[in-house]
Amino acid sequence: MTNNAEHKTGSTSFSLASKVKDYYLLIKFTLSFTVVFSCVICYLLAPKVVEYDWLMIILLFIAGMLVTGSANAINQAVEKDTDAVMKRTHKRPVASGAMSQKEAYTFALISGVVGVAMMWYFFNLSAALVSAFSLFLYAFIYTPLKKINSIAVLIGAFPGALPCLIGWVAGNDDFSAGGWVLFGMQFLWQFPHFWAIAWVSHTDYSKAGFKLLPSDKGPTKFTAMQTIMYSVLMIPMGVLPYYFGLTGMTSVWIVMACNLVMVVQSIRLYRSMEVKAARRVMFSSYIYLPIVLLALLADKIR
């Protein structure tokens, strides 16, 4: 009798742990966290946010995770079959059969509505509307477009950068220049970042029918040149937070150094055309964003 009870308890714990893991993968927790991190930092950069109200920060984080998680859940439900054939995604819950499409869509609907409602109730209508627009753009425009044309990367860069604007609007309750500058910085950053990922995973993406590199022929000199171009464009964009009075000069030098690293790594990719060089661009971009955002926040002019 005791053994049976212990067995049932163990099975329940295992089942609960599996379900938690499934939802962790469904919302792409690491990606969602990165997205919401930029939203929170940009909220704190807003001039009207003069004190760190931890309750509001936590509420913004939860709302952001719900909206982002909703978009990622729809993405996985839509791409169930393509995820199943790719090495890097075949273990995702919907693709592996651990979760049904209906369950993923149900979660997406509930989390999306609750997340947008929280943005409206605790912050403002503008932040809620931009959040809803970002979710729609990612889930229903970018996601299906990936199989049609590489312009999907350009379209996807908008919902990828909108969290910066959402954070700014949530804190400042306006669409002033500072929010658009932060949006622009993250918008440009996504091109070398995403093309490096697409370069490294080109075989996998091609197998699934995704068209994500700017050249139809895959990893080419043209793709590498595009990566350099956007990395160079990030340099003048990095000066604008200082120009508009958001931050001091210290952060300008830090952002400039980070931008130069991105340019150098992109040039190395162009010269070598090797996957390991693309991987260096990818890892540089991962490090770039938190360093730049934290530097801006630390140097905020109050």
Side-chain angles (χ1 to χ4, degrees), residues 34-50 56-57 60-61 63-64 67-68 71 115-116 119-120 123-138 141-142 151-194 226 229-256 258-259 262 285 288-302:
T34 303
V35 169
V36 178
F37 172 79
S38 64
C39 178
V40 170
I41 296 297
C42 292
Y43 166 78
L44 296 173
L45 279 167
K48 289 183 181 178
V49 179
V50 293
M56 296 305 289
I57 292 171
L60 180 62
F61 180 83
V67 173
T68 308
V116 171
M119 285 288 187
W120 188 356
F123 298 95
N124 51 62
L125 177 59
S126 296
L129 290 175
V130 179
S131 297
F133 175 66
S134 180
L135 193 164
F136 171 80
L137 201 56
Y138 182 88
I141 306 297
Y142 163 72
I151 199 173
V153 176
L154 172 63
I155 301 301
F158 284 93
L162 280 174
C164 293
L165 188 60
I166 293 166
W168 178 273
V169 172
N172 231 45
D173 198 13
D174 63 24
F175 289 91
S176 53
W180 291 108
V181 167
L182 296 168
F183 167 86
M185 291 178 70
Q186 188 146 314
F187 181 81
L188 291 176
W189 164 83
Q190 287 178 92
F191 292 94
H193 167 73
F194 193 79
Q226 291 287 301
M229 185 182 78
Y230 280 94
S231 296
V232 170
L233 287 174
M234 288 161 61
I235 295 175
M237 183 60 74
V239 180
L240 293 184
Y242 172 77
Y243 178 81
F244 284 99
L246 301 181
T247 60
M249 197 65 198
T250 302
S251 60
V252 173
W253 294 112
I254 295 172
V255 174
M256 187 69 69
C258 291
N259 287 337
M262 289 298 298
S285 68
Y288 174 94
L289 204 58
I291 292 176
V292 165
L293 289 174
L294 290 173
L296 292 176
L297 181 60
D299 203 28
K300 177 184 177 181
I301 294 176
R302 302 180 186 279

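Quick caveat: nothing in here was measured; it's all calculated off a predicted structure.
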- Message: I'd like to check the side-chain hydrogen bond (donor to acceptor under 3.5 Å, both in side chains) partners of Ser134; sequence neighbours left out, ordered by chain and number.
- Response: none
- Which of these passes side-chain contact (heavy atoms from CB on, under 4.5 Å) with Cys39: Leu162, Thr68, Leu60? Leu60
- Task: Check whether the side chains of Asp299 and Tyr242 place a donor and an acceptor atom closer than 3.5 Å, and report yes or no.
- Result: no
- Heavy-atom nearest pair, Thr247 first then Leu296, reads CG2-O, 3.2 Å
- Aromatic rings Phe183 and Trp180: how do their planes relate, parallel, tilted or perpendicular, breaks at 30° and 60°? perpendicular
- Would you check if Ile141 and Phe158 make a side-chain contact, meaning some heavy-atom pair closer than 4.5 Å? no
- Asn124 side chain to Val169 backbone, donor-acceptor under 3.5 Å: yes
- Item | Verdict with reasoning, Met256 to Val239, per side chain to side chain contact (heavy atoms under 4.5 Å, CB included) | CA-CA 8 Å; Met256 187 69 69; Val239 180; 3.9 Å; yes
- Got a donor-acceptor contact below 3.5 angstrom from the Trp168 side chain to the Leu45 backbone? no
- Supply the atom-to-atom distance Leu297 CG to Ile41 CD1, rounded to the nearest 0.5 angstrom. 5.0 Å
- Query: When rounded to the nearest 0.5 angstrom, what distance separates CE in Met234 from CZ in Phe187?
  - Reply: 12.5 Å
- Heavy atoms from other residues, nucleotides or ligands near CZ of Phe133 exceed 12 (cutoff 6.0 Å): no
- Query: Any donor and acceptor pair, going by atom type alone, linking the side chain of Lys300 with main-chain N or O of Leu44 inside 3.5 Å?
  - Reply: yes
- Query: Would you say Val255 and Met185 make side-chain contact, with heavy atoms under 4.5 Å?
  - Reply: yes
- Message: Checking Tyr142 now: which residues fulfil ring pair (Phe, Tyr, Trp, His ring centres under 6.0 Å) with it, not counting sequence neighbours?
- Response: Tyr138
- Query: Centroid-to-centroid, Tyr43 to Phe123, below 6.0 Å?
  - Reply: yes
- Query: From Ile235 CD1 over to Leu188 CG, what is the distance, rounded to the nearest 0.5 angstrom?
  - Reply: 11.5 Å
- Task: Of all the heavy-atom pairs spanning Ala127 and Ser131, show the shortest one and how long it is.
- Result: O-OG, 2.7 Å
- What distance separates Leu246 CG from Ser176 OG, expressed to the nearest 0.5 Å? 8.0 Å
- Message: If you define the side chain from C-beta out and look only at heavy atoms, does anything of Gln226 sit under 4.5 Å from Pro192?
- Response: no
- Quick one: closest heavy-atom pair of Met262 and Ser231, and the distance? O-OG, 3.8 Å
- Task: Hey, could you give me the CD1/OG distance between Ile291 and Ser251, rounded to the nearest 0.5 Å?
- Result: 13.5 Å
- Rounded to the nearest 0.5 Å, the NE2 atom of His193 sits from the OH atom of Tyr230 at a distance of 15.5 Å
- Task: Considering non-hydrogen atoms only, spot the tightest contact between Val116 and Val67 and give its length.
- Result: N-CG2, 3.8 Å
- Crowding at OH, Tyr243 (>12 non-hydrogen neighbours, <6.0 Å): no
- Looking only at heavy atoms, which two atoms of Asn172 and Lys48 are closest? And how far apart? OD1-N, 2.9 Å
- Note on the structure: Heavy-atom closest pair (Leu293 atom, Cys42 atom, distance to 0.1 Å) is CD2-SG, 4.5 Å
